[in-house]
Amino acid sequence: MREIQYQKKGIALIYLAKKFFTLGVGDKIPTVDELCSETNTSRGTMQSALETLKDDQAITTISKGHMGTYLVDQDQDKLLNYLDDRNIVCAMPLPYTKYYEGLSTGFYKSFEDKKLNLNLAYVNGSVNRLNGLNSNRYDFIVTSGLTADYLIKNSDVDLITLFPQKTYVSEHVIVHKKDKNDFIYDGMSIGVDSNSIDYRLLTQEIVKNHNVKMIETPYNQIVQRIENGSIDAAIWNRDEVVEKNYPVSYGSIGSESIKKSSSAALLCKRGNTFIKEIVQKYVDINRIVDVQKKVISGKILPEY
């Protein structure tokens, strides 16, 4: 029984450490009853955990009567000592283009000298990254703005922040056999890798008024399949086509979805306020975009 009580208090301490880490001095703190309802913890356990943090001088609070209780001091290093892990794991696409190299480098620089460490996991396919988020392998993930909109409506995720356009990719285009001018026509076969929500949504959009055959095609086989004629076209990332000089032609699509899919977006599990607030606090969008531009232009070397 005592072991279970210790476990419950430990869970309450971790929760409070995360809660107070994201609060600023002067902020009003939730009541004990509110804290209990958020964690399904008994009042005695929560009160005991609060006293432990105060006794350790991890936090100092002051009661202002009917106005509530306020945080007057915090020791973030001591608060972090109560966490079970100081690492934050983010999953983003493999850095196979300058845009992704720049984004990765910008993330690392944005977390420099912070009290929590950032670890980047490189995983292709937004569906694969979402699965990792749902199974708690990742704390937050990078997708396009288009995929973020889709997942917010259809999955238990929250938007942490949305980057400007042309931070995820410069543009998604339709690729087809070299020197062929027809982009979309009835009777054609179009490849799509369903592990990428972007590719699936954009493909559905461009073929909606045509009678075409959609063929599931792994991302890394698109060029070969276009060349051998097993598919006629596919949606792809323009940056990779250009940087690797693939033997295919491509054309712009031009739609609001294309613009939305060029923005990078950060997502966390719905209700994970600690990760959401920490990432919003640590991620400096202007700095990341600046670093990304310098990596793309070759002014600095990528780090990842």
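All figures in this text were calculated on a predicted structure; none of them were measured in a lab.
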Donor-acceptor pair, distance only, cut-off 3.5 Å: does the side chain of Asn195 make one with the backbone of Val127?
no
Any side-chain to backbone donor/acceptor pair from Thr167 onto Pro164? Under 3.5 Å, distance only.
yes
Shortest non-hydrogen contact between Lys18 and Phe274, atoms and distance:
CB-CD1, 3.3 Å
Smallest separation among heavy atoms of Ile253 and His172, with atom names
CD1-O, 4.1 Å
Does NZ or CZ of Lys166 fall inside the cone over Tyr99's six-membered ring, less than 6.0 Å from its centre and within 45° of the axis?
no
Counting only heavy atoms not in Glu243 (residues, nucleotides, ligands), do more than 12 fall under 6.0 Å from its CD?
yes
Which pair of non-hydrogen atoms, one from Tyr122 and one from Pro93, has the smallest distance, and what is that distance?
CD2-O, 3.6 Å
Point-to-point distance, once rounded to the nearest 0.5 Å, from OG1 of Thr217 to CD1 of Ile231:
4.5 Å
Kindly state each residue pair satisfying side-chain hydrogen bond (donor to acceptor under 3.5 Å, both in side chains) with at least one member in residues 274-284, sequence neighbours excluded.
Thr22-Glu277
Going from CG on Asp198 to NZ on Lys260, what distance comes out if it is rounded to the nearest 0.5 angstrom?
11.0 Å
Would you indicate whether Lys259, at its atom NZ, is surrounded by more than 12 heavy atoms from other residues, nucleotides or ligands within a distance under 6.0 Å?
no
Just to verify, which of Asn136, Asp156, Asp139, Asn134 counts as forming a side-chain hydrogen bond (donor to acceptor under 3.5 Å, both in side chains) with Lys269?
Asn136
Derivation of the side-chain contact (heavy atoms from CB on, under 4.5 Å) call for Lys9 and Thr52:
CA-CA 10 Å; Lys9 183 176 178 181; Thr52 297; 2.8 Å; yes
Is the backbone of Cys268 close enough, under 3.5 Å, to the side chain of Asn272 for a donor and an acceptor to pair up by distance?
no
Quick check: do Val279 and Thr161 have side-chain heavy atoms less than 4.5 Å from each other?
no
Quick check for you: to the nearest 0.5 Å, what is the distance between Leu266 atom CG and Ile275 atom CD1?
11.5 Å
If you look at every heavy atom in Ala265 and Leu162, which pair is closest and at what distance?
CB-CD1, 3.8 Å
Quick one: does Glu227's side chain have a donor or acceptor within less than 3.5 Å of a partner on Lys177's backbone?
no
For the residue pair Tyr219 and Tyr199, categorise the inter-ring angle as parallel (less than 30°), tilted (30 to 60°) or perpendicular (more than 60°).
parallel
Within the distance-only criterion (no hydrogens, no angle test), does the side chain of Asp232 pair as donor or acceptor with the backbone N or O of Ser189 below 3.5 angstrom?
yes
Classify the ring geometry of Phe111 against Phe140: parallel below 30°, tilted from 30° to 60°, perpendicular beyond 60°.
parallel
Measure from the side-chain N and O atoms of Thr45 to the backbone N and O of Thr41, and report whether any donor-acceptor pair falls under 3.5 Å.
no
Assess the pair Tyr100 and Tyr168: is the distance between their ring centroids shorter than 6.0 Å?
yes
Working to the nearest 0.5 angstrom, can you tell me the gap between Arg86 CZ and Asp77 CG?
6.0 Å
May I ask you to decide if Gly271's main-chain N or O and Asp158's side chain share a donor-acceptor pair within less than 3.5 Å?
yes
Output yes when a side-chain donor or acceptor of Arg129 lies under 3.5 Å from a complementary backbone atom of Val142, and no otherwise.
yes
Determine whether Leu80 and Leu83 make a side-chain contact, defined as any pair of heavy atoms from C-beta on separated by less than 4.5 Å.
yes
Can you find a side-chain donor-acceptor pair between Thr105 and Gln292 that sits under 3.5 Å?
no
Does the side chain of Ile235 come within less than 4.5 Å of Ile206's, by heavy atoms?
yes
With Asn128 via side-chain hydrogen bond (donor to acceptor under 3.5 Å, both in side chains) - residues at least two apart
none
Quick check: closest heavy atoms across Val283 and Ser110, and the distance to 0.1 Å?
CA-OG, 3.4 Å
Given salt bridge (Lys or Arg N to Asp or Glu O under 4.0 Å), test Glu112 with Arg287 step by step and report yes or no.
CA-CA 12 Å; Glu112 280 180 348; Arg287 185 180 183 195; 3.5 Å; yes
Determine whether Asp290 and Lys294 satisfy the following criterion, salt bridge (Lys or Arg N to Asp or Glu O under 4.0 Å), listing intermediate values before the conclusion.
CA-CA 6 Å; Asp290 181 60; Lys294 288 176 178 173; 3.2 Å; yes
Would you say that more than 12 heavy atoms from the other residues, nucleotides or ligands in this model lie under 6.0 Å from the NZ of Lys293, or not?
no
Using modelled atom types only, decide if a donor and an acceptor are shared between the side chain of Ser144 and the backbone of Ser262 within a distance under 3.5 Å.
no
Got a second to check how far Ile88's CD1 is from Asn117's CG, nearest 0.5 Å?
8.5 Å
How close do Ser126 and Ile197 get, heavy atom to heavy atom, and via which atoms?
OG-N, 3.0 Å
Leu103 side, atom CG; Cys90 side, atom SG - distance, nearest 0.5 Å
8.5 Å
Over 12 foreign heavy atoms within 6.0 Å of CG, Asn40
no
Ser196 side chain vs Asp193 backbone, donor-acceptor pair below 3.5 Å:
no
